[in-house]
Amino acid sequence: MAASKMSLKLLIDSKHNRVVFAEAGKDFVDFLLTLLALPLGTVIRLLTKSTMIGCISSLYGSLEKLDESYLQPNQNKDSILKPTITTQVTHPNFLLPDTKKPENRKLYYCPSHPGYVSDIHNSVCSHCRSQGYTRNYMSQEVKFVGTNVSASTYTPASDQAGGYVKGLVTYMVTDDLSVSPMSMVSVVGLLNKIEIKDFSVLEEKVVEFGINEGLELLKASLLSKDALTAVFLPKLH
C-alpha cells in the first residue's frame, strides 16, 4: 500500500510549549485505537529492539536465537515473534509499516480430521494426539473460495467505512491521547483543567501525519504522558 498521510490541526500553548489537543477525524482516531490491538511482538518489531527500553527486547532477541527443537511440536517462533494482527480496520496497516499481510496467511488441516485447522504447517494434530490415534500432522493447506461481492448481502454505506469509530464527527485528542467527541463544552472544560486563562497564548498549527510520525507516536505513547507534544513540537521549531 502506498504511504498515506493526513493533516492534523493542533492547538498549541505557546507559553508552556505544549500541545493542548489535536482536532482529528475518523482516520486518526482509528489509527490510535489500532495501537491498543497490536500484539507486543509486533510493537517490538515496529520500533526495533534498539529503541526499546527495559528487558522486553532482550527476551525477544533470546527467542530469536532459541533453537526450534526446544519448542512444543505444535508451536513455532514466528507465532510469537511475528503474530498476525487480527483487528479489522479499513486499512489494516494504515500508517504503520507492513509487518505481515493478513491476506497471505495460510491454514492447514489434518488429513484424518479436516475439521481441525492450524496456521502452523506440519504441527501435530491435537485431536489425534488426545484420542490416542496414530500421530498425524497439519499438512494439507486449506483452499479459500473467493467471495462473489455482487451476490453478498447489501451493507449500508455508513457500515462499509470500516474502522472503529464513526465518521462525520470531529474528535478531540488530548496530549495524553485521550479521545472524545469535540464540542465547545469539552474544549472549554479542557482549557479550565490545564488552567489556560489567557487565550492569546494559543496558536493553531496544521501538521502532516504519516508513517514516520505514526511510529514516533507509537513509541511516545509507551514512554510519555505528553505524546503529541513529544512528536510534533520538535518539528515545529
Side-chain angles (χ1 to χ4, degrees), residues 1-6 27-110 116-127 129 137-139 141-142 144 162-165 173 176-179 209-228 230-231:
M1 184 184 71
S4 303
K5 280 186 176 289
M6 67 175 76
D27 284 344
F28 184 67
V29 175
D30 278 345
F31 167 79
L32 292 178
L33 298 184
T34 298
L35 300 183
L36 295 176
L38 290 177
L40 183 57
T42 299
V43 172
I44 297 170
R45 292 182 68 213
L46 287 170
L47 296 181
T48 71
K49 298 191 295 294
S50 62
T51 65
M52 294 294 293
I53 292 177
C55 303
I56 196 69
S57 62
S58 299
L59 174 61
Y60 187 96
S62 67
L63 179 56
E64 283 183 312
K65 298 173 184 175
L66 187 68
D67 192 278
E68 293 267 4
S69 62
Y70 290 101
L71 300 181
Q72 293 282 7
N74 63 335
Q75 299 292 336
N76 69 12
K77 293 195 290 187
D78 279 356
S79 64
I80 304 171
L81 299 174
K82 303 173 185 177
T84 300
I85 301 173
T86 57
T87 52
Q88 308 241 342
V89 294
T90 308
H91 304 294
N93 301 303
F94 184 56
L95 294 180
L96 287 175
D98 188 1
T99 57
K100 183 176 181 181
K101 296 182 180 179
E103 60 268 24
N104 290 339
R105 187 182 184 190
K106 294 182 179 180
L107 296 176
Y108 305 92
Y109 64 89
C110 170
Y116 293 80
V117 300
S118 170
D119 59 358
I120 302 172
H121 187 226
N122 283 331
S123 57
V124 175
C125 175
S126 58
H127 184 69
R129 182 169 53 186
Y137 296 89
M138 314 299 268
S139 57
E141 184 177 343
V142 175
F144 290 92
Y164 294 108
V165 297
V173 180
D176 64 357
L177 302 185
S178 296
V179 176
F209 188 81
I211 286 179
N212 291 336
E213 291 78 14
L215 287 172
E216 290 174 22
L217 192 58
L218 171 58
K219 182 178 180 181
S221 71
L222 300 172
L223 302 176
S224 172
K225 290 285 189 180
D226 312 304
L228 296 180
V231 171

Residues Leu32 and Leu217: closest non-hydrogen pair is CD2-CD2, 3.6 Å
Interatomic distance, CZ@Phe28 vs CE@Met6, rounded to 0.5 Å, equals 7.0 Å
Hits for side chain to side chain donor-acceptor pair (under 3.5 Å) against Asp176, two or more places apart or cross-chain, chain-then-number order -> Thr174, Ser178
Side chains of Leu35 and Val43 in contact at under 4.5 Å (non-hydrogen atoms) = no
Shortest non-hydrogen pair, Asp30 vs Val165, comes out as OD1-N, 3.1 Å
Those residues at least two apart in sequence (or on a different chain) that pass side chain to side chain donor-acceptor pair (under 3.5 Å) with Glu213 are none
Here the gap from Ile44 atom CD1 to Leu38 atom CG, rounded to the nearest 0.5 Å, amounts to 11.5 Å
Check this for me: Glu68, atom CD, are more than 12 non-hydrogen atoms of other residues, nucleotides or ligands nearer than 6.0 Å? yes
Rounded to the nearest 0.5 angstrom, the CD-CG distance for Glu216 and Leu47 is 11.0 Å
Worksheet item: Is a side-chain donor or acceptor of Lys77 paired with a backbone partner of Leu66 at a separation under 3.5 angstrom?
Response: yes
The reported gap from CG in Leu81 to CD in Glu64 (rounded to nearest 0.5 angstrom) is 5.5 Å
The side chain to side chain donor-acceptor pair (under 3.5 Å) partners of Ser224 (sequence neighbours excluded) come to none
**Message:** Has Tyr164 got a side-chain atom pairing as donor or acceptor with Thr34's backbone, closer than 3.5 angstrom?
**Reply:** no
Rounded to the nearest 0.5 Å, the CG atom of Leu63 sits from the OH atom of Tyr70 at a distance of 13.5 Å
